[in-house]
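In what follows, a structure is listed as structure tokens, so that the remarks can point back to it.
Chain naming here is simple, since letters A, B, ... match the order of the sequence lines and numbering starts at 1 in each. Computation of the quantities below employed the complete heavy-atom set of this structure, encompassing side-chain atoms and omitting hydrogens, waters and symmetry-equivalent molecules.
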There are 2 protein chains.
Amino acid sequence: MKLDNTKAQMRKGVLELCILSSISKERKYATEILNHLKSAELIVVEGTLYPLLARLRSAGLVSYEWEESISGPPRKYYILTKKGSLFLEELTRSWNELHKSVKNLTHPKSNKS
Amino acid sequence: MKLDNTKAQMRKGVLELCILSSISKERKYATEILNHLKSAELIVVEGTLYPLLARLRSAGLVSYEWEESISGPPRKYYILTKKGSLFLEELTRSWNELHKSVKNLTHPKSNKS
DNA sequence: AAGGGTAACTTGCTATGCAAGGTACAGTAG
DNA sequence: CTACTGTACCTTGCATAGCAAGTTACCCTT
């Protein structure tokens with residue numbers, strides 16, 4: 001049981017939230033999403049992202065459009081569907097609730113907001 | 001891809017943190033831990049808790065002491081070791097960092113602390 | 001034609017949460 | 001003294017999902 005392992009475990013839980021959130025502002029293709037999350041110090045790798053995007057897609061939360069690139073292969077730009085947008089809202093709510101629960105557990109005596 | 005599923009996923013990441021935190025205040029036996037987390041609206045079940053406690057133990061983060069019960073079988077009271085205490089501190093730090101990262105992702109323009 | 005860079009995707013492994021089932025002890029009712 | 005009930009601990013098998021590593025394919029440059 002290593003710290004890195006546990007930290008990774010914590011990250012997993014918010015992956016969907018972060019990815020949906022990342023493309024909610026503007027459509028992105030996979031590599032952009034990776035870089036975006038990396039810049040926020042949330043490590044994600046290809047082998048994780050692609051299957052997850054596929055899952056999100058088959059759940060109807062995201063869709064995509066192909067676009068030619070100036071140099072290199074075409075890119076698959078992901079965009080949030082209406083359904084995905086609602087899902088993201090709920091997910092954000094859940095995340096806030098979870099945060100509150102953990103706070104209550106770890107600081108039971110504090111009444112500060 | 002259901003919301004409940006994803007919410008469960010988020011919960012998983014903080015299980016260790018919550019359990020260590022739960023016994024950090026006072027020694028508890030499994031059923032008490034379950035009830036404690038449940039009261040904070042963090043659902044955990046036996047089949048999850050026991051293997052996790054076993055892992056924490058073999059990692060040297062917790063130890064336990066048997067104690068007779070007034071009625072019923074003896075109880076295994078778990079206590080945090082020195083090592084577990086340090087681990088809990090690091091985990092808490094990691095959790096706060098994660099929270100910050102998610103916040104930056106989901107509210108990039110806000111400068112409020 | 002060959003090589004390099006970018007992008008999308010797949011395969012196999014492993015960790016782990018969880019439902020369901022199992023064992024054991026103690027007190028109580030019959 | 002046997003059977004039942006309640007409490008507590010623990011195990012087994014399944015499904016999910018992240019991740020490392022490998023694959024395919026496109027395009028541009030040399």
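- Counting side-chain heavy-atom gaps under 4.5 Å among Ile, Leu, Val, Met, Phe, Trp and Tyr, the cluster of B:Y77 also holds B:Y29.
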Tabulate atom names and distances for all N/O pairs under 3.5 angstrom spanning the protein and nucleotides 10-14 of chain D.
from	atom 1	to	atom 2	distance (Å)
D:dC10	OP1	B:K76	NZ	2.1
D:dC10	OP2	B:K76	NZ	3.3
D:dC10	N4	B:E46	OE1	3.1

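- Atom CG in A:L15 sits about 11 Å away from atom P in D:dA17, given to the nearest Å.
- Regarding B:I19, its CD1 atom lies at a distance of 12 Å from the P atom of C:dT16, rounded to whole Å.
- Computed from coordinates, the A:Y29 OH to C:dA8 P distance equals 7 Å when rounded to whole Å.
- Atom CZ in A:R75 sits roughly 12 Å away from atom C1' in D:dC27 (whole-Å rounding).
- When rounded to the nearest whole Å, the span between CG of A:N5 and C1' of D:dC19 equals 12 Å.
- Taking atom CD1 of residue B:I33 and atom P of nucleotide D:dC9, one finds them 9 Å apart after rounding to whole Å.
- Between B:Y64 and B:W66, the two ring planes are perpendicular [angle over 60°; tilted spans 30° to 60°].
- Protein atom CD of B:E67 is 16 Å distant from nucleotide atom C1' of D:dC9, rounded to whole Å.
- Between B:E32 atom CD and D:dT7 atom P the separation is 14 Å, expressed in whole Å.
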Are there any protein N/O atoms within less than 3.5 Å of an N/O atom in nucleotides 23-30 of chain C, and if so, which ones and at what distance?
none

